Amino acid sequence: MAVVVVIVLIGALVATSALATRSDADRSPLRVAVVGDDWSAGFHNRVVWPTLMAERTGWSVANFALPGSGYVADGQGGHAFTYQVDRALRDDPEVVLIVGGLADTGLPETDAISVGAIDAINKSILAGRRTLVVGPSWFESPVPESVIRVSDALRSTAEQAGVPYFDALDPPLLTRDRMWPDLSGPTDAGQSELADGIATWVRTEVSR
């Protein structure tokens with residue numbers, strides 16, 4: 001793990017340097033690739049937050065999120081975040097934004113989540129991409145212990161890898177009235193809240 005973290009840190013420096021070469025005169029939109037789960041892919045939504053973020057910021061945002069996916073959870077095969085990163089890199093983004101983790105909350109321990117996170121992060125920053133991680137969000141208090149456990153594991157992994165981490169639980173990005181009645185995912189209003197919250201954080205990070 002220590003060797004992997006050292007490699008990741010080197011890659012992070014390369015990615016940060018590359019992003020810093022963007023000048024004010026460069027009018028091309030920031031290219032962002034979103035890796036994520038059901039909440040990013042949408043569930044009965046007319047619009048999802050990555051699309052709204054693109055509209056509100058002028059960025060070029062490609063959404064690779066797939067339902068049922070996570071750092072470990074693989075949906076029906078090939079959906080896990082590490083595979084989404086592979087697809088995202090082919091789109092030549094400047095920023096890879098990895099969002100979520102709720103599909104992994106059923107795991108009894110977090111070691112596999114940390115390994116999956118390092119793998120996804122490592123692929124991105126070794127490809128010279130700025131990598132940002134947003135943890136799972138929730139919609140009521142108290143937050144389930146299983147969700148907190150995943151968020152804590154991702155925060156620790158991101159810190160070790162030297163990449164920014166957005167804690168979407170403190171404060172939460174959503175409220176219960178922004179969820180579908182069956183709590184399966186955010187409504188369109190919830191997607192709008194996610195777009196604003198995540199875009200504000202990303203803008204701060206890429207301007208550093």
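Computed from a prediction, not measured in an experiment: that's the story for all the values here. The basis for the numbers below is simple: all heavy atoms, side chains too, and nothing from hydrogens, waters or symmetry mates.
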Calculate, to the nearest 0.5 Å, the distance between atoms [atom1] and [atom2] belonging to [X] and [Y] respectively.
X: F64; Y: L97; atom1: CZ; atom2: CG; result: 12.5 Å
X: Q191; Y: R178; atom1: CD; atom2: CZ; result: 12.5 Å
X: I198; Y: L173; atom1: CD1; atom2: CG; result: 6.0 Å
X: S60; Y: D91; atom1: OG; atom2: CG; result: 7.0 Å
X: L154; Y: E159; atom1: CG; atom2: CD; result: 11.0 Å
X: M53; Y: N63; atom1: CE; atom2: CG; result: 9.0 Å

Quiz item: Mind checking whether W39 and F139 have parallel, tilted or perpendicular rings, split at 30° and 60°?
Solution: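 Aromatic pair W39/F139 classed tilted.
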
Quiz item: Which class fits the ring pair F166 and W201: parallel under 30°, tilted 30 to 60°, perpendicular over 60°?
Solution: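 Parallel: the ring planes of F166 and W201 meet at under 30°.
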
Do side-chain atoms of [X] reach the backbone of [Y] as a donor and acceptor pair under 3.5 angstrom?
X: T187; Y: G190; result: yes
X: E94; Y: R31; result: yes
X: R130; Y: E205; result: yes
X: S141; Y: V143; result: no

Practice problem: Decide, yes or no, whether a salt bridge links D92 with R129 under the criterion of side-chain N to carboxylate O below 4.0 Å. | Solution: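 Yes, this pair counts.
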
Quiz item: Should D167 and Y165 count as side-chain neighbours, where that means a heavy-atom distance under 4.5 Å?
Solution: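 They are in contact (side-chain heavy atoms under 4.5 Å apart), so the answer is yes.
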
Quiz item: Under the criterion side-chain hydrogen bond (donor to acceptor under 3.5 Å, both in side chains), which of D74, D119, N122 is the partner of T82?
Solution: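 Option passing the side-chain hydrogen bond (donor to acceptor under 3.5 Å, both in side chains) with T82: D119.
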
Self-check item: CA sep, side-chain torsions, deciding dist, call: Q84, S69, side chain to side chain donor-acceptor pair (under 3.5 Å)
Solution: CA-CA 9 Å; Q84 291 183 34; S69 60; 3.0 Å; yes

Quiz item: When you look at D86 and F81, which way does the side-chain contact (heavy atoms from CB on, under 4.5 Å) test go after all the steps?
Solution: CA-CA 9 Å; D86 288 336; F81 289 174; over 6 Å; no

